[in-house]
Amino acid sequence: MTASVSASALAAATPSSRDRYVDLLRVASLGTVVLGHWLMAAVTTGGDGRVEVGNLLAVEPRLQILTWALQIMPVFFFVGGFSHALSYRSLRRKDPEAASVYPAFLRARLQRLLRPTMVFIGVWGAAAVLLHLGGQGGGLLDVALRLVAQPLWFIGIYLAMVAFTPPLLRLHEKYGWGAFGGLVAAAAAVDVLRFALGVPYVEFLNFAFVWLAIHQLGFLRADGMLTRPYLLAGAGLAGAALLVAYGPYPLSMVGMPGEKVSNMAPPTFALLCHGVWLVGAVEWVRGPVTRWLERPKVWRAVVAANGISMTAFLWHLTAMLGVYGVLLALDTSVPAPATGAWWAQLPLRLAAAAVLTAVLVAAFRGFERPAARGGQGRPAGPASRAGYAGIAAALGVTLCLFGVLGLSMVGFGGLFEGRTALLIAVQVTAPVAVGMTLAGWLLVERVGRGAS
């Protein structure tokens with residue numbers, strides 16, 4: 001069956017109860033991130049042949065206001081919260097007392113995420129080994145080995161959201177908006193300790209509080225509790241604007257080279273306000289967009305895009321650097337960023353990156369499809385065995401989380417350079433990061449298969 005027929009069949013079989021708008025938000029958020037990365041890439045070449053990839057927003061600071069629309073990753077995490085709530089509750093309804101629910105939930109939610117990620121890591125890891133053994137390197141190759149792994153930070157954060165779904169969903173079911181408010185208050189307290197009192201290292205707690213607060217909004221959406229999205233959008237936008245205008249927060253909602261404070265790494269309270277405004281904004285326009293999605297052609301396109309979105313996200317930087325590699329190999333001039341020639345060349349670079357991404361998606365899209373399951377899975381067995389499965393699943397997702405985060409920081413070039421990343425007071429190298437990711441994935445697969 002061809003991809004187009006599959007998409008058509010899935011679209012035709014869509015139940016009337018499905019929330020199509022959530023599927024659109026998932027695709028649109030990842031697509032916006034891809035486009036943003038392609039736009040922001042500012043490649044420069046020196047007289048010594050050295051190649052650097054900077055940020056257009058650092059070259060042209062006036063464009064940083066665009067990140068208030070293009071930094072749309074909070075929407076993806078919001079959609080994740082909605083989907084995780086539905087998935088976990090579905091498994092819990094089948095057997096409310098089963099300790100095997102958690103490992104089965106992890107495997108179900110992470111399969112489409114980790115399978116293409118492991119293939120991406122395997123391909124680029126093998127390429128790094130071959131390049132090293134062949135004595136190849138320098139120029140754009142070194143940049144690529146360092147840069148293509150950076151988007152894996154998003155995978156790590158998403159893994160944490162999946163892992164924390166059960167306890168945070170219980171808090172939501174007990175306290176509703178109060179659970180979200182508690183995370184918001186915690187994020188605000190972290191920034192007070194960081195900026196007002198100068199407490200060291202406390203800012204890293206907001207990797208949890210900020211992103212989990214956005215994730216919690218997805219739970220509220222699942223229970224129909226976001227009834228006044230315009231208030232959410234207004235409060236978030238006003239809060240972000242006031243914090244940037246009068247606080248220590250930069251204008252850009254993405255990280256900038258050399259800046260003392262980043263709204264992204266670690267996340268700040270200003271980024272949380274930004275996420276709240278985006279969630280309110282997309283919910284505000286849900287009605288008319290949902291009616292638009294009822295059109296068969298539109299819905300088929302959304303279904304088809306959802307089937308390849310993670311693969312496209314993983315490989316889009318590879319495609320972008322491939323385009324620049326071709327330009328440099330052909331001795332084609334790469335104009336200085338933000339100049340008239342650079343803007344004139346931009347549509348051609350974007351089109352070429354889209355074509356190359358499509359080629360890579362065609363090659364690797366099969367790994368994004370869920371693996372077929374045989375039978376009904378093994379029985380859960382005694383409570384002690386089911387409890388072990390839950391612990392093993394939690395360990396597996398933790399290993400994956402820290403593995404992909406570490407790899408996003410050191411890059412594939414770090415496989416041989418000895419570069420390390422600090423993860424909770426432990427220095428992690430690229431080989432260790434790859435090993436942790438692989439071990440965690442195998443563990444989640446094994447215990448999840450037994451619990452499914």
Side-chain angles (χ1 to χ4, degrees), residues 1-11 26-43 51 53 76 111-131 134 136-137 139-152 154-155 297 300-332 334 345-371 404 407-408 411-413:
M1 183 178 290
T2 64
S4 59
V5 173
S6 297
S8 298
L10 288 171
R26 183 183 297 111
V27 169
S29 56
L30 285 181
T32 302
V33 171
V34 168
L35 180 61
H37 285 168
W38 287 348
L39 287 171
M40 289 189 298
V43 174
V51 178
V53 180
F76 188 89
Q111 190 181 61
R112 277 191 61 188
L113 182 71
L114 286 180
R115 289 179 75 237
T117 300
M118 294 307 302
V119 171
F120 173 80
I121 292 174
V123 170
W124 265 106
V129 171
L130 292 175
L131 289 170
Q136 301 297 314
L140 194 61
L141 280 176
D142 287 347
V143 172
L145 290 171
R146 183 180 73 248
L147 192 63
V148 294
Q150 287 185 3
L152 292 178
F154 145 78
I155 306 291
K297 290 183 179 180
R300 281 198 299 271
V302 172
V303 171
N306 257 302
I308 61 171
S309 57
M310 187 54 57
T311 304
F313 175 80
L314 287 167
W315 291 98
H316 76 280
L317 285 184
T318 303
M320 181 200 74
L321 292 170
V323 170
Y324 278 108
V326 171
L327 292 175
L328 294 174
L330 296 175
D331 201 22
T332 302
V334 178
Q345 195 188 68
L346 178 63
L348 295 176
R349 293 199 306 271
L350 292 181
V355 169
L356 188 48
T357 300
V359 172
L360 291 168
V361 166
F364 297 107
R365 61 172 298 173
F367 298 100
E368 191 167 346
R369 301 189 185 111
V404 296
L407 191 56
S408 73
F412 291 100

Quiz item: Going through the distances and angles, do Val53 and Leu321 end up as a side chain to side chain contact (heavy atoms under 4.5 Å, CB included)?
Solution: CA-CA 9 Å; Val53 180; Leu321 292 170; 4.1 Å; yes

Quiz item: About how many Å separate OG1 of Thr318 and CG of Leu356, when rounded to the nearest 0.5 Å?
Solution: 8.5 Å

Quiz item: Of the non-hydrogen atoms in Val27 and Ala305, which two are nearest, and what is the gap between them?
Solution: CG1-CB, 3.6 Å

Quiz item: Which heavy atom in Gly366 sits nearest to a heavy atom in Arg115, and how many Å separate them?
Solution: O-NH1, 4.3 Å

Quiz prompt | Rounded distance (nearest 0.5 Å) linking atom CD1 of Ile155 with atom CG of Leu407 | solution = 11.5 Å

Quiz item: Which pair of non-hydrogen atoms, one from Trp124 and one from Ala144, has the smallest distance, and what is that distance?
Solution: CH2-CB, 4.0 Å

Quiz item: How far apart are the closest heavy atoms of Ala319 and Thr357, and which atoms are they?
Solution: CB-OG1, 3.1 Å

Exercise. May I have the step-by-step check of side chain to side chain contact (heavy atoms under 4.5 Å, CB included) for Val323 and Leu348, ending in yes or no?
Key: CA-CA 10 Å; Val323 170; Leu348 295 176; over 6 Å; no

Practice problem: Identify the two heavy atoms, one from Asn306 and one from Glu368, that lie closest to each other, and give their separation to 0.1 Å. | Solution: O-OE2, 3.7 Å

Quiz item: With sequence neighbours excluded, what pairs up with Arg26 under the salt bridge (Lys or Arg N to Asp or Glu O under 4.0 Å) test?
Solution: Asp23

Quiz item: Will you find, in the side chains of Gln345 and Arg349, an N or O donor that is under 3.5 Å from an N or O acceptor?
Solution: yes

Practice problem: Keeping the roles fixed (side chain from Arg146, backbone from Gly411), state whether a donor-acceptor pair exists under 3.5 Å. | Solution: no

Quiz item: Can you tell if the side chain of Leu152 reaches within under 4.5 Å of the side chain of Leu314, non-hydrogen atoms only?
Solution: yes

Exercise. Run the numbers on Phe76 and Val33 for side chain to side chain contact (heavy atoms under 4.5 Å, CB included), then give the verdict.
Key: CA-CA 10 Å; Phe76 188 89; Val33 171; over 6 Å; no

Quiz prompt | Reported CG-to-CD1 distance for the pair Leu360 and Ile308, which is rounded to 0.5 angstrom | solution = 11.5 Å

Self-check item: Summary of side chain to side chain donor-acceptor pair (under 3.5 Å) pairs that have at least one residue in residues 32-43, sequence neighbours excluded
Solution: His37-His316

Quiz item: Closest approach of Gly307 and Arg112, non-hydrogen atoms and distance?
Solution: CA-NH2, 3.9 Å

Quiz prompt | Which residues share a side-chain contact (heavy atoms from CB on, under 4.5 Å) with Val123, sequence neighbours left out | solution = Val119, Trp315, Phe364

Exercise. Verify side chain to side chain contact (heavy atoms under 4.5 Å, CB included) between Phe120 and Thr311, making sure each step is shown before the conclusion.
Key: CA-CA 9 Å; Phe120 173 80; Thr311 304; over 6 Å; no

Self-check item: Parallel, tilted or perpendicular, as decided by the 30° and 60° cut-offs, for the rings of Phe154 and Phe313
Solution: perpendicular

Quiz item: Rounded to the nearest 0.5 Å, how far does CE of Met118 lie from CG of Leu113?
Solution: 11.5 Å

